[in-house]
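Please read the structure below before turning to the comments.
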Amino acid sequence: MKRALLLLFFGAALHGQALRDLAAQRGIWVGAAVNPSHFGEAPYADTLAREFSQVEPENAMKFAAIHPGPTTYAWDAADAVVNFAQAHNMAIRGHTLMWHQASGAPPWLTGLSSTDLAKALQDHISTVVGRYAGKVYAWDVVNEAFNDNGTIRSTIWSDSPGMGFTGTGHIEAALRWARAADPQALLFYNDYSAEWINSKSDAIYKMAQDFKARGVPLDGIGMQMHFTLNSPAIASIEANMKRFTDLGLQVQITELDVRLPVDSTGVATADALAAQAKIYGDIVATCLKFPKCTAVQTWGFTDRYSWVPSSYAGMGAALPFDGAYTAKPARDAMASAMQTAPAVISAAGLVNAASYAGGAVAPGEIVVLFNATYGPPALQLPTGTPATKLGAVRLLFDGVAAPLLYSKLGQVGAVVPFSVAGKTSTSVQYEYQGVGSNVLPVAVQTSLPGVFTLDASGAGAGAILNASTFGVISKDNPAKGADWLAIFATGLGATSPASADGQIYGSTLMPAVANVSVMIGNMNCRVLYAGSAPGLVAGAAQINVEVPVGVASGDQPVVVTVDGVASQPGVVVRIR
Ligand code: XIL
């Protein structure tokens, strides 16, 4: 009995982590299209709940399924998907509100005037999106509205008879109706054969640019990815993802499957399964290069239930699990990409923790690195002295590990090592579980002052105490002329005596080497002290000043200048 249990345990360990846990470390959803009619089949429900963190109804939310008659809504199947997702802590994508295929445009719409058609779609969107507001986090609002040559597809919604709009006006209208029905939901345009750079994706890109410029509510692009072994070049897919995410849009992979030639029993060759796995892995790795690629979803998950065999003769075996729910090489390639694709960091993500100013670092500056695409899902805090490794995360500056203040997925707080002093540039690299990110060259300055603010927004009331009473200066406790204040900041640069990385400052004062001046209300202050902040980590600075007599009352700007470099604008101190 004991041995059997041990074997079971080993079996689980060998199987490794579930896709959904790996995806959580990458800050993405891993989803599957589902049919609620299978939820009663235990291995279907178990595999889905164990491996995936997102579901999307394959058909249950399509127009004809959910709104079969002018005044008839059929919610049961869609509700079942929502209930399953909620019971298993999964995100829900909605699919799809405006589509041309039969299931996207039921017969009762045929013959309506343009005005009535527009009214029908608006009602449909507000009813369906409204019902699932707060539950469905993202909608494929519009599906497949372009032809492969980049022209607008002729559909009931566009021009046959159309809803009375021209160009992409019907798409814009659907997005606006969806935004009105649920202002929180992310709104996607979803299509196929537009995953790489071609006429169709060019046209969608042009539309997206126009929508962004005019404030039309578009949040993301869904890339379906119904592929064969002859799938498009990954470099072209990557370039396409780059241009859309550079526009500020999210990208989600919404319907991934890679269909294979199969024999009469639906079986593919081992070679084909291996080639399929490579494509699955490459797609996941490509998504992980972009912080704004936020989901990888497959169209179904088991070969037992897939649209492929009935849609493409002689093809099948397109999904990551086989018909018996056993993981295929494709599933393991997805897992391995999630575990090994390096984190990607960018210069824009590395900023001063007080001011959020970026572009350079200074020795001892407290910084935040945002948007690394790999990391521990939960917040980690050091106990005692800051560690240089936290939750398997390190942040290296020319190979020197920085003291870490906290770490969670997509956000790590750190202190730039003092050893960057005297350099003009440093190579920054983030590391999670021993896997290093790209190496980022960042300019080094002797100082880069930022003043901490009470709400940590980088603006508004500064983190400033009355140096005699230690009371926080606020509207209720304003400062006045001749008061001594302690301003908390970072980025003052080196101290003398020198600060050691990660040391907690004691009562021995270690003044900043640089020249520090302070203005309050545009008046110069007498600076009594600038340097180490007793009790805080090396790099945190305290600046004691005397409030100028005669300073104006109200919220007055506070600016710290260190060797000619000013702290961020917008920080104030309340004067009586
Ligand atoms: C397909 C479903 O998988 C089938 O069950 C249904 O009969 C037709 O629709 N692109 C899409 C999906 O956006 O909605 C389609 O789903 C597959 C192609």
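Just so you know, residue 1 is the first one in the sequence shown, and it goes up from there. We use all heavy atoms of the structure for the numbers below, so side chains are in, but hydrogens, waters and symmetry mates are not. Order of listing sets the numbers, starting from 1, for every ligand and every atom in it.
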Would you say Y192 touches ligand 1, if touching means a heavy atom closer than 4.0 Å? no
Charged N to carboxylate O below 4.0 Å: is that the case for D46 and R50? no
Within 45° cone of Y73 ring axis and under 6.0 Å: R131 NZ or CZ: no
Between K242 and E238 (salt bridge meaning N to carboxylate O under 4.0 Å), is one present in this structure? no
Regarding atom 1 (C) of ligand 1: of the candidates K62, E56, E255, which has the closest heavy atom? K62
Enumerate the atoms of ligand 1 whose separation from the nearest heavy atom of H95 is less than 4.0 angstrom. 11 (C), 12 (C), 13 (O), 14 (O)
Against ligand 1, does Q101 come closer than 4.0 Å with any heavy atom? no
Atom 2 (C) of ligand 1: which protein heavy atom is closest, and how many Å away? E58 OE2, 3.3 Å
Among protein heavy atoms, which sits nearest to atom 6 (C) of ligand 1, and what does the distance come to when rounded to 0.1 Å? N59 OD1, 3.3 Å
Lys/Arg-Asp/Glu bridge criterion (N-O < 4.0 Å) met for K135, D182: no
With a cut-off of 4.0 Å, which atoms of ligand 1 are near a heavy atom of N143? 11 (C), 13 (O)
Does the N or O separation between E144 and ligand 1 drop below 3.5 Å for any pair? yes
Measure D140 to ligand 1 on non-hydrogen atoms and call it side chain, backbone, both or neither using the 4.0 Å cut-off. neither
Lys/Arg-Asp/Glu bridge criterion (N-O < 4.0 Å) met for D202, R243: yes
Show the atoms of ligand 1 that are less than 4.0 angstrom away from any heavy atom in W99. 9 (O), 14 (O)
Aromatic plane relationship, H95 with W99 - under 30° parallel, 30 to 60° tilted, over 60° perpendicular: tilted
Are side-chain N/O atoms of N143 and Y192 paired as donor and acceptor at under 3.5 Å? no
